[in-house]
**Q** 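The structure is given below, and queries will be raised subsequently.
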Amino acid sequence: MEGISAVASGDTAVLVVEHVSDELKELLRQRLAAFCFGAVEVELDSDYYSFEATITELLTRFDSKPKATKIGMVGELVVHVLMPSSHPSLSSSAIYFNKEERSIKKGFDLTFHEGTKAIWYGEVKSGHVKDNESADDKSSSLLMTAAADVAGKLSHDAQRSRWDAAVYDAGLTLESSQAKTVKALLRSDARVIATGTQIKKNVVLAATVVHSVGHCRVSVEATAGVAEEIVNSKRFDATRILVIQQEELETIMSYLRSEVAADA
């Protein structure tokens, strides 16, 4: 995609957002409302869930948060938008917005399905690169934290509410036949967890690194090395990795702000 450099190695992908190109802008226009509210919901009333209205709601949630939360929100948004480009066989069954209140989303960061075969549980970690770090150092640390966190969410004492939220998201995101299948898969996992059984599942681990790409970039070699370490831990059935680097916190948000300003 124009404005984004991409390197892949097996199930590991590294994307660097160099600038918000016209192609990326169009992608945001096409997908933002569906990612925020759910494709099925948006289809019912596209005017109510317009691009501009979605941005306004997003900024209302974003601007009131502390910086650490903003970094996490931007990271998750960028992963939502770019995941289909890096791992096209996976389709999202999650929505970005927390429906109950304007707080951070609870439960799993992301859930994906691959046809009717299996659910993939996603965890996104985001952060700025410190002065004594490299982009590879930061992304590696974030990926290891994501792996530990999602493993905890899938542990034998995991909360059922996580699956309830994922089932709810599937109904807002997928057409009825797909939703029925994905919901059944999610409920099946929840039942197994409820028995106290430790299960191994498919996971998507994502890291969003905020740092000047002119100074240092995330490398696919370092990312693949972390991916190998996670795979060798044998905590998961299968693992897919996505690392995204962008210049600054407002790289994409600035474009979204300009769209609201232009429409005012």
Side-chain angles (χ1 to χ4, degrees), residues 13-17 20 24 28 31-32 35-38 54-84 86-87 92-112 120-130 133 135-154 158-159 161-162 165-166 169 203-213 218 223 226 230 240-257:
V14 174
L15 307 182
V16 177
V17 181
V20 182
L24 179 54
L28 285 163
R31 295 179 174 171
L32 186 66
F35 279 133
C36 288
F37 294 106
T54 302
I55 295 172
T56 299
E57 177 61 22
L58 173 60
L59 292 176
T60 298
R61 294 167 182 250
F62 179 79
D63 288 340
S64 63
K65 301 297 187 296
K67 185 174 182 180
T69 303
K70 287 180 177 179
I71 294 172
M73 289 180 69
V74 168
E76 195 170 320
L77 175 64
V78 172
V79 171
H80 259 290
V81 172
L82 296 181
M83 187 72 189
S86 64
H87 294 84
S92 176
S93 57
I95 59 172
Y96 177 58
F97 283 164
N98 180 9
K99 302 294 283 186
E100 293 80 16
E101 54 195 35
R102 285 170 168 162
S103 63
I104 58 174
K105 191 171 182 287
K106 300 177 177 66
F108 299 106
D109 288 345
L110 298 164
T111 49
F112 301 92
W120 292 70
Y121 296 94
E123 185 74 20
V124 183
K125 296 298 179 187
S126 308
H128 277 287
V129 177
K130 298 177 182 177
E133 291 180 310
D136 279 337
D137 290 336
K138 189 65 178 182
S139 64
S140 297
S141 173
L142 292 171
L143 288 172
M144 294 302 288
T145 301
D149 282 6
V150 77
K153 289 179 180 179
L154 293 168
Q159 301 171 8
S161 60
R162 293 193 180 105
D169 277 11
V203 299
V204 176
L205 307 177
T208 302
V209 175
V210 180
H211 193 65
S212 169
V213 298
V218 176
T223 306
V226 178
I230 292 169
R240 295 187 183 178
I241 303 286
L242 172 61
V243 175
I244 298 171
Q245 182 176 355
Q246 62 176 16
E247 283 277 354
E248 55 188 23
L249 182 62
E250 288 278 343
T251 298
I252 286 178
M253 299 302 290
S254 293
Y255 161 65
L256 296 177
R257 289 184 193 281

**Q** Please test Thr54 against Phe37 for side chain to side chain contact (heavy atoms under 4.5 Å, CB included), starting from the C-alpha separation and ending with a verdict.
**A** CA-CA 8 Å; Thr54 302; Phe37 294 106; 3.6 Å; yes
**Q** Using modelled atom types only, decide if a donor and an acceptor are shared between the side chain of Ser141 and the backbone of Asp137 within a distance under 3.5 Å.
**A**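 Absent.
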**Q** Whether the side chain of Ser64 engages the backbone of Arg61 through a donor-acceptor N/O pair (distance < 3.5 Å, no angle test) should be reported.
**A**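 Confirmed, Ser64 side chain pairs with Arg61 backbone.
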**Q** Keeping Tyr121 on the side-chain end and Ala151 on the backbone end, is there a donor-acceptor pair under 3.5 Å?
**A**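 No, Tyr121 side chain to Ala151 backbone: no donor-acceptor pair under 3.5 Å.
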**Q** Between Arg162 and Asp109, does at least one N-O distance fall below 4.0 Å, as a salt bridge requires?
**A**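 Here Arg162 does not pair with Asp109 in a salt bridge, since their nearest N and O are not under 4.0 Å apart.
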**Q** Name all residues meeting the side-chain hydrogen bond (donor to acceptor under 3.5 Å, both in side chains) criterion together with Thr223; count only those two or more places apart in sequence or in a different chain, and write none if there are none.
**A**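 Expected list: none.
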**Q** For His87, give me all partners under ring pair (Phe, Tyr, Trp, His ring centres under 6.0 Å), at least two apart in sequence or on another chain.
**A**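 Here no residue qualifies.
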**Q** In chain order, what residues pass the side-chain contact (heavy atoms from CB on, under 4.5 Å) check against Ser161, with sequence neighbours excluded?
**A**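 Listed in chain order: Gln159.
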**Q** Could you tell me whether a side-chain N or O of Thr69 sits under 3.5 Å from a main-chain N or O of Lys65, the two making a donor and an acceptor?
**A**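 Checking the backbone N and O of Lys65 against the side chain of Thr69, no donor-acceptor pair under 3.5 Å is found.
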**Q** Mind checking side-chain contact (heavy atoms from CB on, under 4.5 Å) for Ser86 and listing every partner two or more places apart, or none if nothing turns up?
**A**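 Per chain and number, Ser86 pairs via side-chain contact (heavy atoms from CB on, under 4.5 Å) with Ala13, Leu15, Met83, Leu242.
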**Q** Tell me, please, which residues at least two apart from Lys125 pass salt bridge (charged side-chain N to carboxylate O under 4.0 Å, His left out).
**A**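 Here the qualifying residues are Glu123, Asp149.
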**Q** Would the distance check show the side chain of Asp169 and the main-chain N or O of Ile95 forming a donor-acceptor pair, the cut-off being under 3.5 Å?
**A**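 Yes.
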**Q** Rounded to the nearest 0.5 Å, how far apart are OG of Ser126 and CD of Gln246?
**A**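 Interatomic distance, Ser126 OG to Gln246 CD, rounded to 0.5 Å: 8.5 Å.
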**Q** Could I get the full list of ring pair (Phe, Tyr, Trp, His ring centres under 6.0 Å) partners for Phe35, not counting sequence neighbours?
**A**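 Partners of Phe35 by the ring pair (Phe, Tyr, Trp, His ring centres under 6.0 Å) criterion, ordered by chain and then number, come out as His80.
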**Q** Distance-only, no hydrogens or angles: does the Gln245 side chain make a donor-acceptor pair with backbone N or O of Val218 under 3.5 Å?
**A**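 Yes.
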**Q** Side chain to side chain contact (heavy atoms under 4.5 Å, CB included) for Asp136 and Val226? Distances and angles first, verdict last.
**A** CA-CA 10 Å; Asp136 279 337; Val226 178; over 6 Å; no
